[in-house]
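Worksheet: the structure to be examined is printed underneath.
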Amino acid sequence: MIPGPFSYHRPATVADAVKLLSNLGDEARPLAGGHSLVPMMKLRLATPEHLVDLHGIAGLKGIRRDGNTIVIGAMATQHELLASDEIGRSLPILDETALLIADPQVRYRGTIGGNLANGDPGNDMPALMMTLGASYRLEGTSGAREVAASEFYQGAYFTALEPGELLTSVAIPVPAAGHGYAYEKLKRKVGDYATAAAAVVLTMAGGKVATCKIGLTNLSETPLLAEDAAKAVIGTSLDPATLKKAAAAAEAIMSPAADARGPVEYRKHVGGIMVMRALQRAAGRAS
Ligand SMILES: Cc1cc2nc3c(=O)[nH]c(=O)nc-3n(C[C@H](O)[C@H](O)[C@H](O)COP(=O)(O)OP(=O)(O)OC[C@H]3O[C@@H](n4cnc5c(N)ncnc54)[C@H](O)[C@@H]3O)c2cc1C
């Protein structure tokens, strides 16, 4: 319950934040919503000597449409995603997923940037961003770079972020009009991380799947894109045999941890079921 001592910093710009982070080195951590970091500090699993609070940086807030892309500032909270008309119109799967994250109080504080940068395979947004083909803007003292979500996750709590870098925004291409989508998450209770979850975005043409992306949450050390599973459904009408084939292809790339959510075989099995359910629900929503 009691975190270790730390110094608190509140920069007003991204430039000041990255300067602070790179000067303070390994002992400094950005503080966003604090709903992953502070619980770790209370257990002393994280003992940073400096917290660099990002709440004073106006440039990290906001949700805007830029042509066919939605750009979300890293400090947008999960509650703000849910309140955004633009997200509701263009990226309804983001709302569906955000509503399955944590609980209302956590969603008032937890940010998209924190959820994406955290590197915990239990977080729900990373696999969704991979499914949507999103990219992250990372800014450090030597400038800014864009990294695809699919290239960002390298292991549990191990990402492409370099020391001193901040994730400042995420850019998400708006899916095609009439696309179908679903985020299916199996969890033990409200606020639990997924036993298994699957994100699906697809388009249909003439009753057949025309395009499809499938992402998997908490079924490996990193979020996964189930590319073979997606390939298996393209050109089909998602008949039962195809759904089973897609589930098997997705299960083949899963390597979940055995934990209180169940043994490996169970989590893979229900992972396949999440894929089938998400595909069916997404297809039902496509027009
Ligand atoms: C009870 C409870 C239930 C939860 N359930 C879920 C759930 O079901 N699904 C889910 O996805 N999440 C869940 N969460 C986590 C929640 O969504 C967190 O808010 C989120 O994981 C982290 O976002 P944050 O803004 O709170 O980040 P913080 O806790 O402030 O930061 C998390 C990590 O990311 C780093 N960081 C933060 N922002 C940046 C940035 N812009 N650039 C670089 N590094 C950064 C921090 O230094 C830290 O290492 C739950 C949390 C709680 C307390």
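Start at 1 and go down the list; that is how both ligands and their atoms are numbered.
- Defined by atom type and a distance below 3.5 Å, a donor-acceptor pair is missing between the side-chain atoms of Thr69 and Asp66.
- Close to ligand 1: Gly34, with a non-hydrogen atom less than 4.0 angstrom away.
- The single protein non-hydrogen atom nearest to atom 49 (O) of ligand 1 is Arg29 NH2, 3.0 Å, given as residue, atom name and distance.
- Ring-plane geometry between Tyr108 and His79 is classed as tilted, the angle between the planes lying from 30 to 60 degrees on a 0 to 90 degree scale.
- Of all the heavy atoms of Leu161, the ones lying under 4.0 Å from any atom of ligand 1 belong exclusively to the side chain.
- We find the OG-CD distance between Ser169 and Glu146 to be 6.5 Å, quoted to the nearest 0.5 Å.
- Closest to atom 27 (O) of ligand 1 among all protein heavy atoms lies Gly114 CA, 3.5 Å.
- Residue Tyr193 holds the heavy atom nearest to atom 14 (N) of ligand 1 of all those in Tyr108, Tyr157, Tyr193.
- The aromatic rings of His9 and His50 sit tilted relative to each other, their planes meeting at an angle between 30° and 60°.
- Taking any N or O of Arg109, backbone or side chain, none lies under 3.5 Å from an N or O belonging to ligand 1.
- Atom OH of Tyr157 sits about 4.5 Å away from atom CE of Met40, to the nearest 0.5 Å.
- Residues Thr77 and Thr111 have side chains that never bring a donor and an acceptor to within less than 3.5 angstrom of each other.
- Considering only non-hydrogen protein atoms, atom 45 (C) of ligand 1 sits nearest to Ala117 CB, 3.6 Å.
- At the top of the distance list for atom 53 (C) of ligand 1, counting protein heavy atoms only, stands His35 O, 3.4 Å.
- If you number the atoms of ligand 1 from 1 as listed, the ones under 4.0 Å from a heavy atom of Asp124 come out as 7 (C), 8 (O), 9 (N), 10 (C), 11 (O).
- Under a 4.0 Å heavy-atom criterion, Met40 is not in contact with ligand 1.
- Counting non-hydrogen atoms of neighbouring residues, nucleotides and ligands closer than 6.0 angstrom, the CG atom of Asp239 exceeds 12 such neighbours.
- For ligand 1, one of its N or O atoms has an N or O atom of Pro30 under 3.5 Å away.
- At a heavy-atom cutoff of 4.0 Å, ligand 1 is contacted by the side chain of Gln78 but not by its backbone.
- For atom 12 (N) of ligand 1, the closest non-hydrogen atom on the protein side is Asn123 ND2, 3.2 Å.
- Atom 4 (C) of ligand 1 has as its closest protein heavy atom Ala102 CB, 3.4 Å.
- Below 4.0 Å from some heavy atom of Lys185 lie the following atoms of ligand 1, by number and element: 7 (C), 8 (O), 9 (N).
- Atoms of ligand 1 found under 4.0 Å from any heavy atom of Leu167 (numbered from 1 in listed order, with element): 40 (C), 41 (N), 42 (N), 43 (C).
- Only side-chain heavy atoms of Val106 come within less than 4.0 Å of ligand 1; its backbone N, CA, C and O stay farther off.
- Comment: Arg145 engages Glu165 in a salt bridge, judged by a side-chain N to carboxylate O separation of less than 4.0 angstrom.
- To the nearest 0.5 Å, atoms CE (Met254) and CG (Leu219) are separated by 5.0 Å.
- Close contacts of ligand 1 with Leu54, meaning ligand atoms under 4.0 Å from a residue heavy atom, involve 41 (N).
- Between Glu96 and Arg281 a salt bridge is recorded (basic side-chain N to carboxylate O distance below 4.0 Å).
- Protein heavy atom in closest approach to atom 3 (C) of ligand 1: Gly191 O, 3.2 Å.
- When each atom of ligand 1 is checked for a heavy atom of Thr111 under 4.0 Å away, the hits are 23 (O), 24 (P), 25 (O).
- Considering only non-hydrogen protein atoms, atom 32 (C) of ligand 1 sits nearest to Asn118 OD1, 3.5 Å.
- Using a 4.0 Å cut-off to heavy atoms of Gly33, the atoms of ligand 1 that qualify are 24 (P), 25 (O), 26 (O), 27 (O), 30 (O).
- Counting only non-hydrogen atoms, the option in Gly110, Ser36, Ala32, Pro126 that gets closest to atom 19 (O) of ligand 1 is Gly110.
- Counting heavy atoms from C-beta outward, Thr195 and Tyr266 have side chains that approach closer than 4.5 Å.
- Listed by number with element, the atoms of ligand 1 under 4.0 Å from a non-hydrogen atom of Asp192 are 8 (O).
- Leu91 pairs with exactly one of Leu132, Val201, Ile63, Leu81 by the side chain to side chain contact (heavy atoms under 4.5 Å, CB included) rule, that one being Leu132.
- Ionic pairing of Glu80 and Lys61 is present here: one or more N-O contacts between side-chain nitrogen and carboxylate oxygen are shorter than 4.0 angstrom.
- For the atom pair OG (Ser84) and CG (Leu94), the distance works out to 8.5 Å, reported to the nearest 0.5 Å.
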